[in-house]
Amino acid sequence: QVQVEESGGGSVQAGGSLRLSCAASGKSSSYCMGWFRQGPGKEREPVAATYTNGGSIYYAASVKGRFTISQGNDKNTLYLQMDSLKPEDTAVYYCAVDEDPCWWVGSPDPQHFRHWGQGTQVTVPS
């Protein structure tokens, strides 16, 4: 069983920054970890993802150049640094984890991830 713990989020003015954290705990030494978000009236969409044992990093086109993912020293912690935030970034952000290596065609599929955090709200007022 993999536990997923998220932290961070909140409300920030447009142009500001926030950092989200996600910690995965389980028996595996490496995970596919990603961030998804779901805005009001929208479907859940991938934001960024990577495999903690190395490999490709995915960024959605809408966040590329503004958001950055990085790993903590224990490698099973994933951070999402969000800079130059826009009102359209307002959403509930979810951390997703799976024991299998990451793979995607085009963009990560939420169905690939078996373990999810509870979600954290990010609000950027317009």
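Keep in mind the model is a prediction, meaning the values are calculated, not measured.
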Walk me through it: do Tyr93 and Met82 pass the test side chain to side chain contact (heavy atoms under 4.5 Å, CB included)? CA-CA 12 Å; Tyr93 284 70; Met82 304 184 293; 3.9 Å; yes

Should the pair Arg44 and Phe36 be classed as cation-pi, given the thresholds of under 6.0 Å to the six-membered ring centre and 45° from the axis? no

Assess whether side chain to side chain contact (heavy atoms under 4.5 Å, CB included) is satisfied between Lys86 and Arg66, documenting all intermediate values. CA-CA 10 Å; Lys86 304 176 181 180; Arg66 300 188 298 121; 3.7 Å; yes

I want to check a possible cation-pi pair here: Arg37 against Tyr94, using under 6.0 Å from ring centre and within 45° of the ring axis as the test. no

Flag side-chain contact, heavy atom, 4.5 Å: Arg19 against Leu80: no

Could you report the tightest heavy-atom contact between Asp100 and Cys32, atom names first, then the distance? O-CB, 3.3 Å

Rounded distance (nearest 0.5 Å) linking atom CE of Met33 with atom OG1 of Thr50: 10.0 Å

Between the side chain of Glu6 and the main-chain N/O of Cys22, is any donor-acceptor distance below 3.5 Å? no

Flag yes if Trp104 and Trp116 sit in one hydrophobic cluster, no otherwise; membership is Ile, Leu, Val, Met, Phe, Trp, Tyr, and two members link when side-chain heavy atoms are under 4.5 Å apart. no

Which atom pair, heavy atoms only, marks the closest approach of Gln118 to Val4? OE1-O, 4.4 Å

For the pair Thr90 (side chain) and Val124 (backbone), establish whether a donor and an acceptor sit closer than 3.5 Å, ignoring hydrogens and angles. yes

Report the distance from atom OH of Tyr58 to atom CD1 of Ile69, rounding to the nearest 0.5 Å. 11.0 Å

Is there a side-chain contact between Cys102 and Tyr31, using heavy atoms and a 4.5 Å cut-off? no

Given side chains that start at C-beta, do those of Thr120 and Val92 come closer than 4.5 Å, heavy atoms only? no

Answer yes or no: are there more than 12 heavy-atom neighbours, outside Trp103 itself, under 6.0 Å from its atom CH2? no

Check whether any side-chain heavy atom of Pro87 sits under 4.5 Å from a side-chain heavy atom of Pro125, and report yes or no. no

CG of Leu78 to CD of Gln71, rounded to nearest 0.5 Å, is 6.5 Å

Tell me the closest heavy-atom pair linking Val63 and Val47, and the distance in Å. CG2-O, 3.7 Å

Does one hydrophobic cluster hold both Phe113 and Tyr59, with members joined at side-chain heavy-atom distances below 4.5 Å? no

For Pro101, does its backbone N or O pair with a side-chain atom of Asp98 as donor and acceptor, under 3.5 Å? no

Nearest 0.5 Å, please: how far is CG in Asn76 from CG in Asn73? 12.0 Å

Stepwise side chain to side chain contact (heavy atoms under 4.5 Å, CB included) check, Leu20 with Val122: CA-CA 9 Å; Leu20 306 182; Val122 172; 4.2 Å; yes

With a 4.5 Å cut-off on side-chain heavy atoms, are Ser70 and Gln81 touching? no

When rounded to the nearest 0.5 Å, the distance separating CD of Glu5 from OG of Ser25 is 6.0 Å

Heavy-atom closest pair, residues Ser17 and Asp83: OG-OD1, 2.7 Å

I'd like to know if Glu99 pairs up with Arg114 as an ion pair, taking the criterion as any Lys NZ or Arg NE/NH1/NH2 lying under 4.0 Å from an Asp or Glu carboxylate oxygen. yes

Compute the centroid of each ring, for Trp35 and then for Phe67, and state whether the two points are separated by less than 6.0 Å. no

Tyr51 and Ser30: side-chain donor and acceptor closer than 3.5 Å? yes

